[in-house]
Amino acid sequence: MIKPKSTKKDTRKEIDSLVEEFIKAKGQIQQVEMGESGLVDGKYNTSHIGFTEPKKERTPLNHIVAALDERKHPKNKSSSIKKRPKKKIIYDDFGEPIRWVWEE
């Protein structure tokens, strides 16, 4: 079953009804001056972010990374493959083949 999408109008009505319920339950809305910030002393409240512990030292893994790279690109692979000579046709000025030549 597909839920119908709520429109902006429905969302506004829902928010307005929640505000009215809050006010009816003896809640008070605090008025804030224009341009006033929610920052405390010009800084964000970082107590909930999780930077309370000191920075931990990282374990160096350079030797492991080097071993993985060496496995990816073996050195002996390039020496085992030799280029084979190719057969090339030599043409004259009129485009007729004259002879075959082997090139490396």
Side-chain angles (χ1 to χ4, degrees):
M1 185 119 196
I2 299 173
K3 266 187 164 180
K5 291 185 177 181
S6 61
T7 61
K8 287 182 181 181
K9 190 175 188 179
D10 296 336
T11 306
R12 283 189 197 108
K13 284 182 182 178
E14 184 180 352
I15 291 172
D16 288 341
S17 66
L18 290 172
V19 169
E20 291 298 321
E21 286 180 30
F22 178 75
I23 292 173
K24 285 180 184 176
K26 308 268 178 167
Q28 293 182 353
I29 298 175
Q30 180 183 3
Q31 295 295 326
V32 181
E33 291 184 25
M34 192 78 156
E36 193 172 332
S37 176
L39 302 178
V40 178
D41 296 329
K43 297 179 182 177
Y44 289 105
N45 181 10
T46 57
S47 63
H48 64 284
I49 294 178
F51 292 115
T52 56
E53 296 178 8
K55 183 179 176 183
K56 294 181 181 177
E57 288 294 319
R58 294 185 175 199
T59 307
L61 299 174
N62 295 338
H63 61 285
I64 295 173
V65 174
L68 291 173
D69 285 341
E70 190 174 320
R71 268 192 263 159
K72 285 183 186 177
H73 309 289
K75 295 177 183 177
N76 298 337
K77 188 175 182 181
S78 62
S79 64
S80 65
I81 299 174
K82 296 181 180 178
K83 291 186 179 180
R84 299 179 70 200
K86 293 183 181 181
K87 201 173 186 183
K88 183 179 177 186
I89 303 174
I90 305 278
Y91 296 98
D92 64 2
D93 293 338
F94 302 104
E96 297 293 322
I98 298 175
R99 64 180 182 266
W100 295 91
V101 178
W102 288 95
E103 287 188 346
E104 290 186 30

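- Put simply, CG on Leu68 and CZ on Arg71 are 5.0 Å apart, with the number rounded to the nearest 0.5 Å.
- The cluster map of Ile, Leu, Val, Met, Phe, Trp and Tyr, joined by side-chain heavy atoms under 4.5 Å apart, puts Trp100 and Tyr91 in the same cluster.
- To the nearest 0.5 angstrom, Asp16 atom CG is 10.5 Å from Glu14 atom CD.
- Rounding to the nearest 0.5 Å places NZ of Lys26 at 10.5 Å from CD of Gln28.
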Donor-acceptor list for residues 56-67 side chains, cut-off 3.5 Å, not counting sequence neighbours:
none

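- In this structure, the separation between CG on Asp92 and CD1 on Ile98 is 4.5 Å, given to the nearest 0.5 Å.
- Atom CZ in Arg12 sits 9.5 Å away from atom NZ in Lys9 (nearest 0.5 Å).
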